[in-house]
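Everything below concerns the one structure shown next.
Chain letters run A, B, ... following the sequence lines, proteins first and then strands; every chain starts at 1. What's counted below: heavy atoms across the whole structure, side chains too, no hydrogens, waters or symmetry copies.
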Amino acid sequence: MTENTQPPASGPHSTPADLPTQYTPADVEGKLYERWVDRGWFRADAKSDKEPYTVVIPPPNVTGSLHVGHAFEHTLIDALTRRKRMQGYETLWQPGMDHAGIATQNVVERELAKEGLSRHDLGREAFVERVWRWKDESGGQISGQMRRLGDGVDWDRERFTMDEGLSQAVQTIFKRLYDDGLIYRAERIINWCPRCLTALSDIEVEYQEDEGELVSIRYGDGEDSLVVATTRAETMLGDTAVAVHPDDARYRHLVGRRIALPLTDRTIPVVADAHVDPEFGTGAVKVTPAHDPNDFEIGRRHDLPQITVMDERAVITVHGPFLGLDRLEARSAVVAALRAEGRIVAEKRPYTHSVGHCSRCKTTIEPRVSLQWWVKVGPLAKAAGDAVRDGQVTIHPKEMTSRYFDWVDNLHDWCISRQLWWGHRIPVWYGPDGEVRCVGADEEPPTGEGWHQDTDVLDTWFSSALWPFSTLGWPEQTESVEKFYPNSVLVTGYDILFFWVARMMMFGLYAMDGTPPFHTIVLHGMVRDQFGKKMSKSFGNSVDPLVWMDAYGSDAVRFTLARGANPGVDVPVGEDWVQASRNFANKVWNATRFALLNGATVTGPLPDAAELGPADRWILSRLNAVVAEVDGYFEDYQFAKLSDALFHFAWDEVFDWYVELSKTTFAAGGRAAEVSRRVFGEVLDVTLRLLHPLMPFVTEEMWTSLTGGESVVVTDWPTDSGFRDRAAEDELAAVRKLVTEVRRFRADQGLQPGQRVPATLDLSGTGLEAHEEAMRALLRLQAPGESFEATATLPVGGATVALDLHGVIDFEAERRRLTKDLATAEKELAQTTAKLGNEAFLAKAPDHVVDKIRGRRAAAEADIARIGTQLAQLP
RNA sequence: GGGUGCAUAGCUCAGUGGUAGAGCGCCGCCCUUACAAGGCGGAUGUCGGCGGUUCGAACCCGUCUGCACCCACCA
C-alpha cells in the first residue's frame with residue numbers, strides 16, 4: 001500500500017469538491033496521455049534487469065486512417081502490456097507502420113488520377129517521392145489516433161517498414177535466402193492484375209462466384225473433330241492442344257492426331273491427360289498454356305508450346321481481326337466469328353463459376369506467364385509447421401491451429417516480385433554479359449558499364465515478415481534484439497494468419513537460428529456492426545473510432561471493444577453499447593467521487609480482520625477473489641469475460657451495495673467508520689488498478705485523486721492476498737436478498753421508492769442484527785411513532801418486517817403477488833420432492849447436488865408456510 | 001469437393017452434465033444527499049428439428065435443416 005508522507009498535492013483534484021458530477025473525457029485524456037509519454041513510462045529499456053514483455057503492433061498500412069478494427073486490436077494489446085508493465089516487466093509495445101506496397105501505391109495513383117495524371121507521367125523517382133509525402137501525412141493521422149486511444153507504445157522506437165534499418169534487414173535476409181538457394185528466379189504462370197500491372201501471390205487473389213457464359217465450339221473437321229466448352233472463348237487464339245481423359249472411349253481415336261484450330265491457320269494435337277474430367281461438359285478441354293494455370297501444367301506434361309495472345313493489360317496481341325481488343329471485347333468478337341463459321345454448336349448458357357480477382361482493386365485476374373522471383377517455401381514452411389506441432393508456439397483459440405497447418409503444410413512457392421514502384425527494390429543486379437549478382441546490405445552494388453538493378457520491388461509481406469526483429473535493429477546484434485526477441489505474444493486478426501503470421505514464423509525461425517518470433521499467437525475476430533454484419537464503407541455501417549471517442553471518450557470505446565472480445569470470434573459493436581460503457585466510466589468517476597467526499601483513505605495499513613465489519617469482510621473477500629479471477633482471464637486472453645467480471649463486480653457489488661451499506665457506517669462515525677473508510681479506499685484503489693488496462697484514462701484520473709500517488713501506470717498490479725470470508729459473503733447475500741424482497745413488496749404496494757414508512761424490523765435469530773440500521777436506511781423505514789399500527793407483517797428469511805401502511809396498502813395486489821409466489825413455491829416443492837424420491841438419483845448424484853436439492857426443498861417448504869401466514873393475515 | 005465453426009430472450013452474445021444468464025431494448029415507479037450518463041421493481045425463452053446416452057442434457061453422441069468462414073477446384 002502506498003504510504004503517503006506528503007499531502008496528495010500531486011493529485012489532479014486535491015479536494016473532492018473540485019470534482020464535477022460528470023466525467024468529461026476530453027478534459028483529461030489528452031493531458032494524461034502527454035504526461036505518460038513525457039515521463040517516459042512507455043519507454044522500454046534494453047539494459048533493464050527486469051524480465052522483458054514484448055508485443056509488436058501489427059503495423060497498420062499507411063493507406064489512410066485507423067478503423068474500429070485497429071482500435072479493437074490496440075485495446076487488447078494495450079491492456080496486456082499495461083498489466084505487464086504494472087507487474088514489473090520491462091514492457092515493449094512496439095509501434096510502427098507498414099508501407100503496404102500495392103495498397104498504398106493504388107491509393108496514391110487514385111489521388112493522381114484526380115489530377116488527371118498517372119504514375120508514368122511523373123516517372124518512378126517523382127512518384128515514389130509523392131508516395132513518401134502521402135506516407136508522412138497518413139502516418140501522422142495514424143499516430144494521432146493511437147494517442148487518442150491511449151496506446152502505451154514506445155514512440156522512440158517507432159519504425160516503418162521502409163526505414164533505412166528495416167530495408168537493410170530486408171536486403172540481408174534476401175541475400176541469405178538467395179545464397180541458400182531458397183530464393184530463385186523462374187518463368188511460371190502467375191496471377192497477374194491487368195490494372196495494377198503486377199504479379200500477385202496466391203493469397204492476394206480473392207475468388208468469388210461470377211456469372212459467366214459457357215459456349216461449345218467445334219474444333220477440327222469431319223471425323224477429326226470434337227466439341228470443347230469454354231467460358232473464355234478469346235483464349236482459343238492461344239490454344240496449343242485439346243486434352244481428353246486417357247480412358248475416354250469417345251475420343252480415343254483422336255489422341256495423338258492433329259486437328260484444325262478454328263479462326264487460325266494452325267493445327268493442334270489432341271492429348272490424353274488425367275486432369276480432364278470426362279464427366280464435365282463434353283469431356284474435351286481446350287488447352288491454353290499461356291493463359292490458364294491448369295493448362296500451363298498440362299502444357300508442361302505434354303511439352304506444348306505457349307502462345308501468348310494478350311499483353312499485360314489483357315489486350316489481344318495476335319495479328320488479325322482481334323488485334324487491340326481487350327479480353328471482354330475479344331470474347332464476344334471471337335464467338336461471333338466462330339458462329340459465322342458455324343462452329344458454335346451450343347448457344348451460350350449462363351454458368352456460375354469461381355473467378356479470381358485482385359484483392360486490392362477487384363479486377364479479374366489474368367493468369368500470365370512471366371519471369372518472377374520466388375521463395376522456395378518447402379523447408380521454411382516445414383519449420384513453421386513444426387514449431388507449432390512440437391508446442392514451441394501455441395495458437396489461441398486452438399481451433400485456428402488446424403487452419404494454420406492446412407496452409408503451411410500445403411504451401412506453394414511464394415511469388416515475391418511485384419512490378420510496382422513503391423517498395424523494397426529487389427537487390428539483384430544484372431551485368432552486361434548476363435551476370436546475375438545478389439547484393440547484401442553490407443556490399444556495394446556493381447557499378448560498371450551495363451550493370452543495372454532489377455526494376456521490381458518485393459511483396460510488401462516480405463518486409464512485414466521480419467517485423468518482430470527488424471524493428472529491434474536486426475541484422476545488427478543490438479541489445480534490443482537480445483532483450484526483446486522473441487516477442488512474448490502476437491495479437492492479430494485471423495484474417496492475416498497466412499499473409500503475415502505464417503510468414504513471420506518462417507522468416508523468424510530462419511533468421512534467428514530456429515527461435516520462433518513469439519511463443520503465443522492470439523487471433524482475434526473482426527469488428528462487426530451491432531447486427532453482426534461485416535463493416536464496409538459501401539454498406540455504410542463502418543465506424544470511425546474517433547467519432548465515438550469524441551462523443552463518449554476513449555475508455556468507453558475501449559471497454560466496449562474488450563467486452564465483445566470472445567476468443568477468435570467476430571466482435572459486434574454498436575453505438576448503444578459504447579454509451580453503456582460511457583455510463584460505466586461515469587459510474588467509476590462518481591463512485592470515486594463519493595469515496596473522496598466521505599473521506600475514504602489509502603493511508604496506513606489495512607485494519608486487522610478482527611476490526612472489520614461484516615460488509616468490509618465481504619467486500620475484501622470478493623475483491624481478492626476478483627483479482628484472482630481477472631488474472632486468470634488475462635493469462636487466458638479472455639477479454640470479454642475479464643471485462644464482464646470487472647463490470648459486474650465494480651458496478652453491482654462495490655458501487656452499489658457496498659457504497660449503500662457504507663453510508664450508514666460513515667454516518668455512525670467512530671472507529672467502525674474509520675475502519676470502513678480505510679477499507680473503502682483499499683477496495684477502490686484495487687478496483688481502479690484492475691480496470692486501468694481497459695480504461696486507462698478515467699482510472700488514472702480517479703486513482704491519483706484518491707491516492708495522491710504519482711500514476712496508476714507505474715503502480716503495482718494487485719495481487720490476491722488470499723483473504724476469503726465465506727461467512728461474510730453468505731451474510732451479505734442474506735442482507736441483499738432480504739432487502740430486495742421488502743423492496744419488491746414496497747413496489748407492489750405502489751410506494752414511491754423514496755417514501756418513508758413507519759415500520760419495525762425484527763431481525764432476532766437471523767444473525768443479521770448488525771445490519772438493522774443499514775437495512776432500515778436501504779428500505780426507507782422510519783422509526784415507528786406513537787401511533788404506529790402495523791397493517792402488513794412480512795416474514796422474510798426468518799426476519800419480520802411490520803409496516804404501518806395506513807392509507808397506502810393495496811391488499812389485492814399483495815394477494816395476487818402472494819398467490820403467484822405460492823404457486824411457484826409449490827411447483828418447486830413438487831419438483832424437488834420428486835427428485836429426492838428418485839432412488840437412481842440419490843444413488844448416483846454427487847452429494848453436493850443432493851444437498852442442494854434438499855436445500856431447495858426446505859426453502860420451498862418455508863416459503864409455502866410463510867406465504868400461507870401472510871395470505872391468512874390479509875383482510 | 002475438403003475443413004472449421006455457429007444456431008440460447010426483441011437485438012448482440014456468455015453459458016462443456018445438476019433451479020436458463022448478461023448488456024442493450026421493453027413495462028411500471030422515482031431527481032431517494034456520489035452519479036437521471038442515475039435509482040428501485042418487473043416481464044420476456046418448447047436453448048434450430050428429430051432420435052440416442054444418462055437418475056438428470058442448452059451442454060455428450062447420431063442425424064436433419066439453416067447460416068458463417070477458410071482452403072482447393074471449377075473447361
Proximity to the side chain of [X] - top-ranked nucleotide from [options]:
X        : options             : result
A:Asn583 : B:A34, B:G38, B:G3  : B:G38
A:Phe594 : B:C13, B:C69, B:A34 : B:A34
A:Thr740 : B:U19, B:C55, B:G41 : B:G41

Give me the distance, rounded to whole Å, that separates B:G15 from B:A22 when you measure between the C1' atoms they each carry.
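Straight-line distance between the two C1' atoms is 10 Å.
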Taking atom C1' in both B:C26 and B:G45, compute the distance separating them and give it to the nearest angstrom.
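Those two atoms are separated by 15 Å.
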Quick one, give me the B/S/- string for nucleotides 28-33 of chain B, reading 5' to 3', where B means a protein heavy atom under 4.0 Å from the base and S means that only happens at the primed atoms, P, OP1 or OP2.
-BS-B-
Could you tell me if the side chain of A:Arg327 sits less than 4.5 Å from the side chain of A:Arg232, heavy atoms only?
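Side chain of A:Arg232 against side chain of A:Arg327, heavy atoms only: contact under 4.5 Å found.
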Less than 4.5 Å apart, side chain to side chain, heavy atoms only: is that true for A:Leu523 and A:His396?
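Not touching, per the 4.5 Å side-chain cut-off.
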So what does [X] touch, heavy atoms closer than 4.0 Å: a base, only the sugar-phosphate, or nothing?
X        : result
A:Phe280 : base
A:Lys641 : sugar-phosphate
A:His648 : sugar-phosphate
A:Gln530 : sugar-phosphate

Would you kindly check whether a donor in the side chain of A:Gln579 faces an acceptor in the base of B:A37, or vice versa, at under 3.5 angstrom?
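By the distance-only test, no, there is no pair.
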Salt-bridge contact A:Lys641-A:Asp644 (side-chain N to carboxylate O under 4.0 Å):
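Salt bridge between A:Lys641 and A:Asp644, a charged N being under 4.0 Å from a carboxylate O: no.
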